[in-house]
Amino acid sequence: MKKIIIANWKLNGNINFIKKYSKEINKEINNFKKIELSISPPTIYLYYLKKKINKKITLTCQNIDINLKGSFTGETSILMIKDLKIKYIIIGHSERRKNHNENDKNITKKIIISKKNNIIPIICIGENINNYINKKSIDVCISQIKNTIIKNKISTKNIIIAYEPIWSIGTGKVANIKHIINICKNIKKYIYKKNKEKIKFIYGGSINHKNANEIINNNNIDGLLIGNSSLEPNELIKILKLIKI
Ligand code: PGA
């Protein structure tokens with residue numbers, strides 16, 4: 001199975017950046033047969049990036065509205081994302097939970113409309129530093145999954161769970177492999193017990209080419225969600241080169 005690498009640009013990039021970035025990545029992408037690279041630029045640039053980037057690279061949207069159409073100034077609909085043939089959508093990122101009122105209720109709605117429109121949701125979960133110190137990481141992650149997917153009887157087929165400890169995002173502190181595997185196994189076990197289904201599990205938080213090796217080459221982990229390091233094509237390529245399985 002191919003490892004999935006999501007490059008989350010967050011609120012970065014412009015036309016010039018996309019031109020240069022695409023050139024660099026397009027030159028290299030044919031060397032990576034066992035990897036699916038998906039790029040997630042700000043929504044406004046999805047269309048332009050799609051025109052510039054090699055067709056082997058898929059696209060991911062950073063956010064959608066819960067409404068499909070109508071009087072919702074400034075929003076983007078899942079139907080528009082489907083229209084552009086975008087493959088994935090990031091839902092429940094901790095930056096959105098913190099700054100944009102993303103909560104279990106609207107996360108659930110976003111998951112449901114994405115699945116209905118055949119866009120694969122990448123559902124972000126993760127604990128804050130206090131939960132981590134108090135050994136509550138598993139409880140927090142399980143409750144985030146329970147309150148969205150399980151309570152609402154959403155099938156976990158074609159869903160990706162992105163484990164992103166909040167204390168690790170953008171801080172330079174990557175979670176250690178034992179902790180990640182422990183979270184991964186507990187989540188997989190919980191979902192299997194409830195749904196009899198398997199999920200894909202990826203990790204995100206301060207990944208760079210120096211710390212990615214052990215994580216990405218572990219059999220339990222299906223991929224990475226990369227923020228800062230994905231903005232530099234050479235750094236991203238260095239991470240892709242580490243992938244051996
Ligand atoms: P980071 O971001 O790699 O910059 O820590 C990860 C993410 O928020 O997806």
Side-chain angles (χ1 to χ4, degrees), residues 3-13 17 21 25 35-43 45-46 49 57-64 86-103 107 110-111 114 119-129 131-132 137 140-141 144-145 159-177 179-180 183-184 187 200-218 221-243:
K3 296 276 183 177
I4 303 163
I5 306 296
I6 314 285
N8 179 12
W9 288 3
K10 308 189 182 188
L11 193 55
N12 297 291
F17 175 83
Y21 193 98
I25 298 289
I35 299 168
E36 179 185 353
L37 176 63
S38 191
I39 303 177
S40 190
T43 307
Y45 293 124
L46 278 166
L49 180 64
I57 297 163
T58 61
L59 294 177
T60 298
C61 180
Q62 292 183 18
N63 181 44
I64 41 143
I86 304 302
K87 186 165 180 185
Y88 302 101
I89 162 96
I90 299 172
I91 299 176
H93 193 285
S94 61
E95 286 157 7
R96 295 202 59 82
R97 290 184 197 248
K98 184 171 166 234
N99 302 321
H100 300 278
N101 197 28
E102 197 123 314
N103 53 43
I107 287 171
K110 290 180 184 188
I111 299 171
S114 302
I119 315 283
I120 300 173
I122 300 170
I123 304 165
C124 300
I125 58 165
E127 78 283 4
N128 64 27
I129 187 68
N131 300 142
Y132 177 67
S137 306
V140 171
C141 292
Q144 286 170 334
I145 291 173
I159 272 183
I160 297 175
I161 300 289
Y163 171 54
E164 297 206 299
I166 298 168
W167 50 269
S168 171
I169 297 174
T171 60
K173 291 181 194 144
V174 69
N176 81 46
I177 186 76
H179 176 77
I180 302 171
I183 298 282
C184 173
I187 287 171
K200 288 202 171 123
F201 178 98
I202 66 177
Y203 170 82
S206 292
I207 283 291
N208 59 44
H209 79 275
K210 291 185 184 140
N211 59 29
N213 191 14
E214 206 178 7
I215 301 172
I216 193 57
N217 287 308
N218 188 292
I221 298 172
D222 300 297
L224 299 169
L225 181 47
I226 309 173
N228 272 325
S229 298
S230 76
L231 290 170
E232 177 47 63
N234 287 335
E235 175 65 15
L236 183 61
I237 297 290
K238 276 186 192 169
I239 297 172
L240 299 184
K241 282 184 177 161
L242 296 170
I243 301 174

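Scope of the values below: all heavy atoms of this structure, side chains included, with no hydrogens, waters or symmetry mates. Whatever order the structure lists ligands and atoms in, that order sets their numbers, starting from 1.
For ligand 1, the polar-atom distance check against Gly204 finds no nitrogen or oxygen pair separated by under 3.5 Å. Between Ser229 and ligand 1, not a single N/O pair is under 3.5 Å apart.
Counting non-hydrogen atoms of neighbouring residues, nucleotides and ligands closer than 6.0 angstrom, the CD atom of Glu232 exceeds 12 such neighbours. By the 6.0 Å contact criterion, NZ on Lys200 is open, its count of non-hydrogen atoms from other residues, nucleotides or ligands being 12 or less.
The protein heavy-atom contact nearest to atom 7 (C) of ligand 1 is Glu164 OE2, 3.1 Å. Among all non-hydrogen protein atoms, the one lying nearest atom 2 (O) of ligand 1 is Lys10 NZ, 3.2 Å. Looking at atom 4 (O) of ligand 1, its nearest protein heavy atom turns out to be Asn228 N, 2.9 Å. For atom 3 (O) of ligand 1, the closest heavy atom belonging to the protein is Gly227 N, 2.9 Å.
Across Leu224 and Ile239, no two heavy atoms sit closer than the pair CD1-CG2, 4.0 Å. In plain terms, the two heavy atoms of Cys141 and Glu127 that are nearest each other are SG-OE1, 4.2 Å.
Here the CG atom belonging to Asn8 is positioned 8.5 Å from the CG atom belonging to Leu231, to the nearest 0.5 angstrom.
The closest side-chain heavy-atom distance from Ile202 to Lys3 is not below 4.5 Å.
Residue Ser206 places a heavy atom less than 4.0 Å from ligand 1.
Close approach of ligand 1 to Gly205 (heavy-atom distance below 4.0 Å) involves ligand atoms 5 (O). Close contacts of ligand 1 with Asn8, meaning ligand atoms under 4.0 Å from a residue heavy atom, involve 9 (O).
The aromatic rings of Phe17 and Trp9 lie perpendicular to each other, with more than 60° between the two planes, well past the 30° mark.
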